[in-house]
Amino acid sequence: MKMKNLLFPLLLLGLVPPLAAKGVYEAPAAFLADAFEGAPPTPAVIWLTGAKRKAVTQILQHKPDRLRIRYWARAGRSAWILEEIGKEKPITVGVVIDDGRISRIRVLVFRESRGDEVRHAFFTRQFERAGLAPGNRLDRPIDGISGATLSVRALTKLARVALYLDHQRTAP
Amino acid sequence: MNRRRRHRLKLKSFYVWHRWLGLVAALFVILLAVTGLMLNHTDALRLDSRHVHSDWLLDHYGIHAPATVPAHAAGEHWVSQWARRLYLDTRDLGETADGRLIGAGRFGELVLIALERALLLVTPEGEVVERLGAESLPALPLLGLGRSPEGRPMLITPTGRFVSDAQLLAWQTSTGQPAWIARSGELPAPLRERLLRAWRGQGLSLERVILDLHSGRILGAAGVFVMDAAAVLLLLLAFSGSGIWIVRSLRERQRRRH
């Protein structure tokens with residue numbers, strides 16, 4: 001029997017560890033360059049203090065791990081590189097927002113050993129054109145992936161944070 | 001001695017063996033049941049976020065101080081890196097995957113910490129203001145952290161020196177010499193001692209110890225065989241217990257017939 005024929009039964013028996021899910025899928029700098037046609041603008045920062053800190057804490061269900069968030073914006077477009085822990089390690093996610101709606105969301109760095117299905121287009125496509133609904137929720141449901149619940153939750157939270165902060169950035 | 005009596009004695013000795021085996025196995029059953037229950041409720045009991053501070057257990061697991069502990073003074077504060085964990089004085093800044101500690105310095109109200117692949121901006125109280133990764137830095141890896149004659153943060157990289165604006169948002173190439181460069185130092189002995197205890201304590205979660213107790217691995221390779229022996233013992237008990245029950249119920253049935 002060839003090795004590849006053996007692999008599936010061995011995987012079923014748990015004798016072969018699954019291929020590592022972790023890795024850098026897109027360098028954050030490349031994501032930004034792609035979002036702004038090769039020339040990202042100078043970044044700006046938004047401080048997470050007062051009401052903003054409270055709202056972000058409510059979305060993340062824990063205090064944010066930093067006091068200010070960096071973003072890149074030009075015209076109606078903004079790009080955010082955010083991190084949230086899936087189960088144990090942070091997942092780095094890039095979000096591009098056009099006029100208050102998500103136009104692109106990508107998993108840039110995945111450090112967990114499981115749950116990397118969230119990086120695939122079949123999942124991230126669900127966020128396209130999503131906006132913010134009352135209560136800082138997404139205006140559409142996001143279907144989960146069995147076995148990747150915590151990663152799905154992390155990505156959904158980050159999409160909400162990006163939309164909320166973008167709204168704060170543009171609010172008069 | 002008639003046949004029936006011999007049979008009774010044999011059964012009695014079998015029962016005595018079963019009883020003694022049961023007593024030994026009870027210790028393992030208690031251990032497995034208690035640790036198993038705890039592991040089934042890891043999240044509720046927060047076993048993964050609780051850490052063991054017992055010196056002998058930490059020694060048993062071979063958790064000792066790292067060979068080198070890079071440290072930098074930042075004003076009146078000390079930044080040190082214990083394996084992958086960063087500390088500002090005794091404040092735990094968490095683990096970092098951004099490489100070796102390159103330098104640290106006080107910039108205005110804040111402390112700037114340079115690692116090989118990131119820059120951390122923290123308050124003197126140890127709250128992270130921001131982490132600047134590759135997308136926000138002019139070049140990597142960072143080789144040194146300095147201060148320009150104007151008091152601005154200066155990064156030394158393989159492709160040159162870069163000076164930032166006051167907000168650390170934009171970097172410009174600099175040809176000037178830094179007015180100051182971060183140099184590593186020796187942690188004060190009392191601080192080193194406190195950090196050693198804190199760092200060792202972070203190295204061993206309660207979940208790891210409970211898991212190892214459950215599998216027997218806490219005693220090393222021999223412990224696994226001890227737990228294997230316990231499993232065989234439980235199997236023997238199950239068979240001997242069932243055997244005793246079957247023989248007794250058969251005898252009971254025979255007695256009723258007569």
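So that the names make sense, note that chain A is the first sequence line, chain B the second, and so on, each numbered from 1.
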Should the pair Arg66(A)-Glu130(B) be classified as a salt bridge under the 4.0 Å nitrogen-to-oxygen rule?
no

In this structure, are over 12 heavy atoms from other groups packed under 6.0 Å from [X] atom [atom1]?
{"X": "Arg85(B)", "atom1": "CZ", "result": "yes"}
{"X": "Arg91(B)", "atom1": "CZ", "result": "no"}
{"X": "Arg197(B)", "atom1": "CZ", "result": "no"}
{"X": "Arg169(A)", "atom1": "CZ", "result": "yes"}

Whatever's closer than 4.5 Å to a heavy atom in chain A on Leu93(B) counts as neither

Side chain / backbone / both / neither for Glu95(B) at chain A, heavy atoms under 4.5 Å
neither

Among the options Thr92(A), Leu67(A), Ile69(A), pick out the one with the most heavy-atom pairs lying under 4.5 Å from chain B.
Leu67(A)

Residue among Ala29(A), Pro90(A), Pro43(A) with most heavy-atom pairs under 4.5 Å to chain B:
Pro43(A)

Residue pair Leu169(B) / Thr42(A): nearest heavy atoms and the distance that separates them:
O-CG2, 4.2 Å

Distance-minimising heavy-atom pair for Val128(B) and Asp65(A):
CB-O, 3.6 Å

Residue part contacting chain B, namely of Leu48(A), when any heavy atom lies under 4.5 Å
neither

I would like to know whether Leu132(B) and Arg70(A) meet side chain to side chain contact (heavy atoms under 4.5 Å, CB included); could you show each step before the answer?
CA-CA 9 Å; Leu132(B) 281 71; Arg70(A) 183 168 291 236; 3.5 Å; yes

Going by the salt bridge (Lys or Arg N to Asp or Glu O under 4.0 Å) test, name the single residue among Arg68(A), Arg53(A), Lys63(A) that passes it with Glu127(B).
Arg53(A)

Name, in order of residue number, those residues of residues 102-118 of chain B that have a heavy atom at a distance of less than 4.5 Å from a heavy atom in chain A; otherwise write 'none'.
none

Distance check, rounded to the nearest 0.5 Å: Leu108(A) atom CG versus Glu135(B) atom CD?
8.5 Å

The complete set of side chain to side chain donor-acceptor pair (under 3.5 Å) pairs with one or both residues in residues 140-161 of chain A, sequence neighbours excluded, reads none

